[in-house]
Protein chains: 2
Amino acid sequence: MLTIVKEQLSSLSATPLYLQLADMIRNQIRDGGIRTGEALPSERELSDAVGISRVTVRRAIETLLREGLLSRRHGSGTYIAPRIEQPAALLAGFSADMRNRGLMPGSHWLDRSAGLPTPDEAMTLALSIDQPVLRFARVRMADGEPLAIERAVVPAQFLGSVDDVQDSLYAALDLREARPVRGLQRLQASLATAAEARLLSVPVGAAILRIERRGFLANGMPVEFTRSAYRGDRYDFITEVRELRQEPGRQP
Amino acid sequence: MLTIVKEQLSSLSATPLYLQLADMIRNQIRDGGIRTGEALPSERELSDAVGISRVTVRRAIETLLREGLLSRRHGSGTYIAPRIEQPAALLAGFSADMRNRGLMPGSHWLDRSAGLPTPDEAMTLALSIDQPVLRFARVRMADGEPLAIERAVVPAQFLGSVDDVQDSLYAALDLREARPVRGLQRLQASLATAAEARLLSVPVGAAILRIERRGFLANGMPVEFTRSAYRGDRYDFITEVRELRQEPGRQP
DNA sequence: CAGTGGTCTAGACCACATA
DNA sequence: ATGTGGTCTAGACCACTGA
């Protein structure tokens with residue numbers, strides 16, 4: 001059962017009402033206050049209970065839909081933790097990716113620091129070499145087992161400090177309105193190095209899927225450069241491809 | 001300059017107004033009616049011009065923001081996002097993929113035969129186990145060097161005989177109007193088996209990128225089930241990801 | 001300052017699911 | 001038939017940008 005406390009929402013706060021409500025619901029899902037498959041109260045009920053308009057309640061729900069935490073069925077209701085059916089590759093961070101697969105994401109930190117970009121990173125992120133970046137390196141877990149090593153680099157201008165990132169990099173970027181809307185990924189098969197093998201609990205030379213991602217804002221500015229190493233025996237990457245649409249009237 | 005024609009929008013249509021407007025703007029961007037960097041008319045202007053409410057105009061714009069076509073700046077305006085690189089992963093066969101990379105495709109046949117599907121293949125291709133399939137297995141070369149082993153299975157109904165396929169499977173399917181328009185791919189890192197190592201001229205245990213592809217016609221019928229093993233040291237896979245599109249009820 | 005996007009409301013009607 | 005989500009409106013106020 002969802003327990004919504006009207007008094008926790010304040011229209012005086014700097015963060016908009018729909019984000020406050022989204023946070024409230026997200027926390028209750030994470031804390032197990034609502035079980036998966038269970039229905040949320042209807043939009044009108046929520047609207048009454050919290051004393052905000054239905055449109056605003058819908059915005060909160062839409063935020064959570066985009067994170068994959070909720071699913072809506074027209075005429076039926078809004079439910080926790082949608083289908084297990086794997087959507088094609090979408091732009092999701094590790095946490096959301098794991099939840100989509102029905103696994104519990106976790107992580108432990110290897111590095112969280114500020115610094116200057118390498119020439120490589122400066123090039124990729126369109127920075128000059130004296131513009132600071134933040135680095136986040138973690139071992140990423142799924143259901144308690146190590147699944148990947150993830151090293152993200154973000155220009156410092158998009159985040160206040162490294163402490164802004166607690167659980168999810170994308171959540172932190174979201175709060176600052178710097179969440180990428182588009183990404184380019186490069187995938188390659190490789191073998192585990194000694195250091196990787198130790199962190200991932202696999203033998204040296206085990207199959208590793210390397211994924212390199214560049215994330216961009218709508219205006220084309222790069223915000224994220226992440227290099228990851230996934231265990232080949234535990235992870236597969238699903239993507240949808242479409243035929244390139246031809247421009248009409250292009251006859252020789 | 002954006003030209004919005006009020007009469008093109010109909011509230012009687014099955015598709016909602018905000019999607020109609022989004023389509024209209026998207027088409028004008030694609031057709032070059034608006035240049036990148038240029039500002040859209042303000043939300044209030046659009047609202048007046050088209051005769052729909054500002055809230056609805058905003059929904060249309062939000063759709064395009066999520067697609068990465070527009071970018072918004074608070075207090076300033078809404079702008080066409082800079083031209084994005086062409087989607088890297090498109091639905092292309094091996095030959096076209098290699099030519100896109102500036103390499104000369106080649107192949108030598110391992111198997112080309114008719115037969116009955118395995119239970120696995122029957123499931124994937126939506127066949128009963130007595131409907132015949134054609135199999136095509138090849139070593140695929142790039143600039144004369146072995147790059148991948150490719151095993152394709154196609155329901156016999158889509159091709160006359162195995163001899164229809166000379167160079168390119170997709171070319172043969174094209175002739176019969178059975179070329180897939182959409183594909184689902186699954187990528188996984190793995191290690192070379194002894195047989196694969198021999199065919200690809202790599203050591204046993206070398207990094208292998210396994211790609212499994214299912215290709216579909218526009219009507220959703222599966223036409224192709226291909227399993228490939230690419231050399232990890234020579235091949236990388238590039239894909240573009242976007243944020244999940246808003247998912248309203250749209251009938252097929 | 002005027003103009004822009006950002007948030008929010010109260011109410012309406014429609015389309016769909018479920019019993 | 002009832003209740004759900006889906007769409008839409010007209011108007012309001014705020015926060016930000018830029019001349």
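Any value given below was found using the heavy atoms of this structure, including those in side chains, with hydrogens, waters and symmetry copies removed. Chain A is the first sequence line, chain B the second, and so forth, proteins listed ahead of strands; every chain is numbered from 1.
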Quiz item: Taking only N and O in the side chain of B:R59, is any of them less than 4.0 Å away from OP1 or OP2 of D:dT7?
Solution: yes
Quiz prompt | A:R182 to A:F216 six-membered ring, cation-pi geometry met (6.0 Å, 45°) | solution = yes
Quiz item: Salt bridge check: are A:R227 and A:E121 linked by an N-O gap of less than 4.0 Å?
Solution: yes
Quiz item: When the distance from CD of B:E62 to C1' of D:dC8 is rounded to whole Å, what number comes out?
Solution: 14 Å
Practice problem: Take A:Y170 and A:E224 through the side-chain hydrogen bond (donor to acceptor under 3.5 Å, both in side chains) test and state the conclusion after the steps. | Solution: CA-CA 10 Å; A:Y170 274 38; A:E224 175 207 9; 2.7 Å; yes
Self-check item: Flag, side chain of A:D111 to backbone of A:F136, donor-acceptor distance under 3.5 Å
Solution: no
Quiz item: Would one find a side-chain N or O of B:Y18 under 4.0 angstrom from OP1 or OP2 of D:dT7?
Solution: yes
Quiz prompt | C:dT4 OP1/OP2 closer than 4.0 Å to side-chain N/O of B:T78 | solution = no
Quiz item: Picking from B:Q185, B:R186, B:Q188, what satisfies side chain to side chain donor-acceptor pair (under 3.5 Å) with A:D236?
Solution: B:R186
Quiz item: Rounded to whole angstroms, how far apart are CG on A:L46 and P on D:dG3?
Solution: 17 Å
Exercise. For each nucleotide in nucleotides 9-19 of chain D, reading 5' to 3', give B when a protein heavy atom comes within less than 4.0 Å of its base, S when such contact involves only the sugar-phosphate, and - otherwise.
Key: BB-BB-BBB--
Exercise. Give a yes/no answer on whether the side chain of A:R58 brings an N or O atom under 4.0 Å of OP1 or OP2 in D:dG5.
Key: no
Quiz item: Would A:R213 count as a cation-pi partner of A:F225, with NZ or CZ less than 6.0 Å from the six-membered ring centre and within 45° of the ring normal?
Solution: no
